[in-house]
Protein chains: 4
Amino acid sequence: MAQETPYRKLPQQARGQQRIARLLDAAECVFAAVGYDAATTNAIAAQANTSIGSLYQFFPNKEALLTALAGRYLAELRDTLDQTLTPETTELPLADFLDCILGALGSFLGEHTSFRPLFISARHPGHTKDEVANAAYELRQEVVLRIDGLLALRAPSLAEADRLLYAQVCVDTVRGLLPLLQATPPSRRPRVIAEMKRLLLAYLAPVIG
Amino acid sequence: MAQETPYRKLPQQARGQQRIARLLDAAECVFAAVGYDAATTNAIAAQANTSIGSLYQFFPNKEALLTALAGRYLAELRDTLDQTLTPETTELPLADFLDCILGALGSFLGEHTSFRPLFISARHPGHTKDEVANAAYELRQEVVLRIDGLLALRAPSLAEADRLLYAQVCVDTVRGLLPLLQATPPSRRPRVIAEMKRLLLAYLAPVIG
Amino acid sequence: MAQETPYRKLPQQARGQQRIARLLDAAECVFAAVGYDAATTNAIAAQANTSIGSLYQFFPNKEALLTALAGRYLAELRDTLDQTLTPETTELPLADFLDCILGALGSFLGEHTSFRPLFISARHPGHTKDEVANAAYELRQEVVLRIDGLLALRAPSLAEADRLLYAQVCVDTVRGLLPLLQATPPSRRPRVIAEMKRLLLAYLAPVIG
Amino acid sequence: MAQETPYRKLPQQARGQQRIARLLDAAECVFAAVGYDAATTNAIAAQANTSIGSLYQFFPNKEALLTALAGRYLAELRDTLDQTLTPETTELPLADFLDCILGALGSFLGEHTSFRPLFISARHPGHTKDEVANAAYELRQEVVLRIDGLLALRAPSLAEADRLLYAQVCVDTVRGLLPLLQATPPSRRPRVIAEMKRLLLAYLAPVIG
DNA sequence: AATGAATGAGAATTCATTCAT
DNA sequence: AATGAATGAATTCTCATTCAT
């Protein structure tokens, strides 16, 4: 889970920091537009208003952009979760607790559109080189661990293995339903979200107090 | 849903029929090994022990291989579902009913390992050219419609729109959980499957008799 | 100028003769539609409602189709010229004589649309493999020799070399002007043809009685 | 007549400018040797001592090379015509006037051997994608317009439409005769050129003062 | 550091021609 | 003879990555 830093060199100067941020913004934009495979490093450099040479000054290869982008998402995701999922959340009734979690995730997804493919993408066993899926896995695991932590507070008597399983099932269920949510016209999305909550509530209620 | 036949020409000779099958087998194999994007038509031809020219005699391009493969899966899937999901299934208690459905899908997935990526792959809004996701969508919709049909028999009083939504939620939930199942070591898979069933049962019980 | 017969084998049976004719018709059609280079032998076979195998039964390669087609044109051209350019033509005033020649060539071109590219195409020195240009050259030479023959009757005192040069200049001039004629909207074509005649008349009058 | 610049990107570095020139030289050479259709981009890159990647860095496709080459010819042609066809030329007797024009064109053709195929090539109606013919058309039209302009000075009383037609007839006549000139052994070329002049003079004398 | 030109392996696809049936 | 499947060299073009300036 711990990974080498994807950067070729950490720039000391502020200008470099900005350039990295611009490159990541560009990568986010291009990945979101055409997908990781179809994205070209030249297009990313162009989108960032830099030269391809500069891109490779900071990132050793295309995958490093993805990794760094995932890292940035991870940091932002942690921030969001830190702010919305406090230990007090644990005290809420289960339905409200779920609302909190789904709300936090939902707003994050809403604000980081290109995060969605990363969050959704599934690992295909065998495709060892599916960088997107690997990066996605790590991001989801972060959410899983958060939820696991909250469940631990809320239902201390649960066995650790069970708790982790419940958390994973919840996250993967949400992941599975996200495309349906996307494909649904906005007017009918609340209904889908309601189903999502009902599903998770029905699943968790028997095991969580 | 029905699409133009992806074949360039339907071979009149038996030899050609076999070669098409061999090419599809090869495509299945290569797609499963490295994914659609990374798969090369040359690799597929080689895997099929044919020349690249023969491949293009029957398939106008790489996408056609995927489409044809999805078509073959669809036909086989229909067969499997026809055999395992009879109207009588409807009479079973909900838990057994779910066992049937999940069992059918599970055995199909088990026998067609490279079908899984297709079944799992999600559409990323915006990537209009994501052929895998598009093909996957059609395959899943077939399952959705089957389940919808069964639900109609089982709970005739349900509104059609609700029924379809329930079916979609179930299928996408399973889709979401499949990677978890894959990533779980075989010894612990029964537990995951049990959770899957519990999840779906808890979701459906309140709305299905 | 004499060339090997382009046919792989001269079919004894009438059926084969017909098939050859059909193939040449098809080649004419396809060459006219997309040009020699872009024409594919498969397209020609398809247009002829035959199999590619049959095509190669009669023609050893693509060039042979062109050669045979040129041969057929040559025969037809000779027929046309035989009928329209009789020795009596020689007796006419020069203007009427030119009318005859241009009329004969014009009607032939009108009836054999795909003959035009062949007639027009120029040899590019150096492109030794420009089959179209080579075939075209032979066709034009036939016309040159005819005109030369007529000039010999009409102006017996001319030196042979001069006569041939005059004939060649006339033919190449017409060849040069044909694209202009084609590009001119039909309503204005008579004007272009009139210029063509004026040009040739002004050229020949001083040297031909 | 003005067309989009065929270049993919205008190189900012001097090195790139040189490389473009080298690539165009190579294209000129290869086109001249085997013709546009048979020329391969790899051969052009090799001839230019560059990698195929560099070629595509500057030219998006093979046609762009032709277009750029035609553009270069056009610029050079304009220069040549500017220098040789001054308004004073108009004052000369018609025979000398023709000498000037043919001389200018002749020397240009002599110095740019691979320009000839471009200048000669005819549009075949229907072959919409005949890039060579299209490029050739533009080059010839430049000459036509130049001659038209000179005729306007020389014979101001001519109707514009007539003038343009005369100019076109002259250019296409020359175009038609060029292959004959090429095919003639050098020793006899002056004779052919003399005929060419006699032809044009006889054509123009009645209409131009 | 920054730029962007240079590289070339590798991808998809075509098509003339051969050959098994 | 007829059919059409099989072949594979050849072609155009891409793009991750390196390197000279």
Side-chain angles (χ1 to χ4, degrees), chain A residues 9 11-13 15-16 19 37-46 50-65, chain B residues 8-20 37-45 49-63 65, chain C residues 9 11-13 15-16 19 37-46 50-63 65, chain D residues 8-20 37-45 49-63:
Chain A
K9 64 196 325 177
Q12 271 88 356
Q13 300 175 16
R15 204 160 36 124
R19 194 168 295 240
D37 277 326
T40 72
T41 49
N42 275 293
I44 292 169
T50 339
S51 64
I52 182 67
S54 283
L55 187 155
Y56 278 91
Q57 198 110 42
F58 295 115
F59 300 94
N61 51 44
K62 185 171 149 183
E63 186 176 359
L65 282 163
Chain B
R8 191 186 278 255
K9 71 208 290 187
L10 288 169
Q12 275 117 335
Q13 301 178 11
R15 207 170 18 140
Q17 297 283 7
Q18 284 167 23
R19 194 159 298 237
I20 284 196
D37 277 325
T40 73
T41 49
N42 275 297
I44 292 170
N49 277 320
T50 334
S51 65
I52 183 65
S54 281
L55 187 155
Y56 279 94
Q57 186 124 44
F58 296 114
F59 300 94
N61 50 44
K62 190 168 134 180
E63 186 177 359
L65 281 163
Chain C
K9 65 198 323 178
Q12 272 87 357
Q13 300 174 16
R15 204 160 36 124
R19 193 167 295 240
D37 277 325
T40 72
T41 50
N42 275 291
I44 292 170
T50 340
S51 64
I52 182 68
S54 282
L55 187 155
Y56 278 90
Q57 198 108 42
F58 296 114
F59 299 94
N61 52 42
K62 186 171 148 183
E63 186 177 358
L65 282 163
Chain D
R8 192 186 278 254
K9 70 207 294 187
L10 287 170
Q12 275 118 336
Q13 301 178 10
R15 207 172 16 143
Q17 296 284 6
Q18 284 165 24
R19 195 160 295 239
I20 284 196
D37 277 325
T40 75
T41 49
N42 275 298
I44 292 169
N49 277 320
T50 335
S51 66
I52 183 67
S54 282
L55 187 156
Y56 279 94
Q57 187 124 41
F58 296 113
F59 299 95
N61 50 44
K62 189 170 137 180
E63 185 177 359

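Per chain, numbering begins at 1; letters A, B, ... match sequence-line order. What you are looking at is a predicted structure, and each value in this text was computed from that prediction instead of being measured.
- Nearer the 5' end of DNA chain F, as judged by each residue's closest nucleotide, is the contact made by B/Gly53, out of B/Gly53 and A/Lys62.
- Within the 4.0 Å cut-off from OP1 or OP2 of F/dA5, not a single side-chain nitrogen or oxygen of B/Arg19 is found.
- Atom pair C/Glu63:CD and E/dC15:P shows a separation of 18 Å (rounding to whole Å applied).
- In terms of phosphate contacts, A/Ser51 brings a side-chain nitrogen or oxygen within less than 4.0 Å of OP1 or OP2 of E/dT3.
- Nucleotide E/dA1 is matched to nothing when pairs are restricted to Watson-Crick or G-U wobble geometry with both distances under 3.5 angstrom.
- Residue B/Tyr56 places at least one side-chain N or O closer than 4.0 Å to OP1 or OP2 of E/dT13.
- Rounding to the nearest 0.5 Å places CZ of D/Arg19 at 5.0 Å from OG1 of D/Thr50.
- Straight-line distance from the CG atom of C/Leu55 to the C1' atom of E/dC19: 16 Å, rounded to whole Å.
- To the nearest 0.5 Å, atoms CG (B/Leu55) and NZ (B/Lys62) are separated by 11.5 Å.
- Base-pair partner of E/dT13: F/dA10 (Watson-Crick or G-U wobble, both distances under 3.5 Å).
- Among the heavy atoms of the strands, none lies under 4.0 Å from C/Ala38.
- Within 4.0 Å (heavy atoms only), B/Ala39 reaches sugar-phosphate atoms of the nucleic acid but no base atom.
- Look at CD1 on B/Ile44: it is 8 Å from P on E/dA12, rounded to the nearest Å.
- Side-chain proximity of D/Gln57 to the nucleotides E/dA6, E/dT3, E/dA11 is greatest for E/dA6.
- Going from atom CZ of A/Phe59 over to atom P of F/dC15 covers 20 Å, rounded to whole Å.
- At E/dA5, none of the side-chain N or O atoms of D/Ser54 fall inside 4.0 Å of OP1 or OP2 (strictly under the cut-off).
- The separation between D/Phe58 atom CZ and F/dT14 atom C1' is 16 Å, rounded to whole Å.
- Summarising the geometry of D/Asn61 relative to D/Tyr56, their closest heavy-atom pair is CA-CE2, 3.9 Å, with the distance given to 0.1 Å.
- Residue A/Thr41 is in base contact, counting any heavy-atom pair closer than 4.0 Å across all strands shown.
- When heavy atoms are screened at a 4.0 angstrom cut-off, D/Asn61 is found touching the sugar-phosphate backbone but no base atom.
- At a threshold of 4.5 Å between non-hydrogen side-chain atoms, the residues A/Ile52 and A/Thr41 count as touching.
- Nearer the 5' end of DNA chain F, as judged by each residue's closest nucleotide, is the contact made by D/Ile52, out of A/Asp37 and D/Ile52.
- Rounded to a whole Å, the CG atom of A/Asn42 is 11 Å from the P atom of E/dA5.
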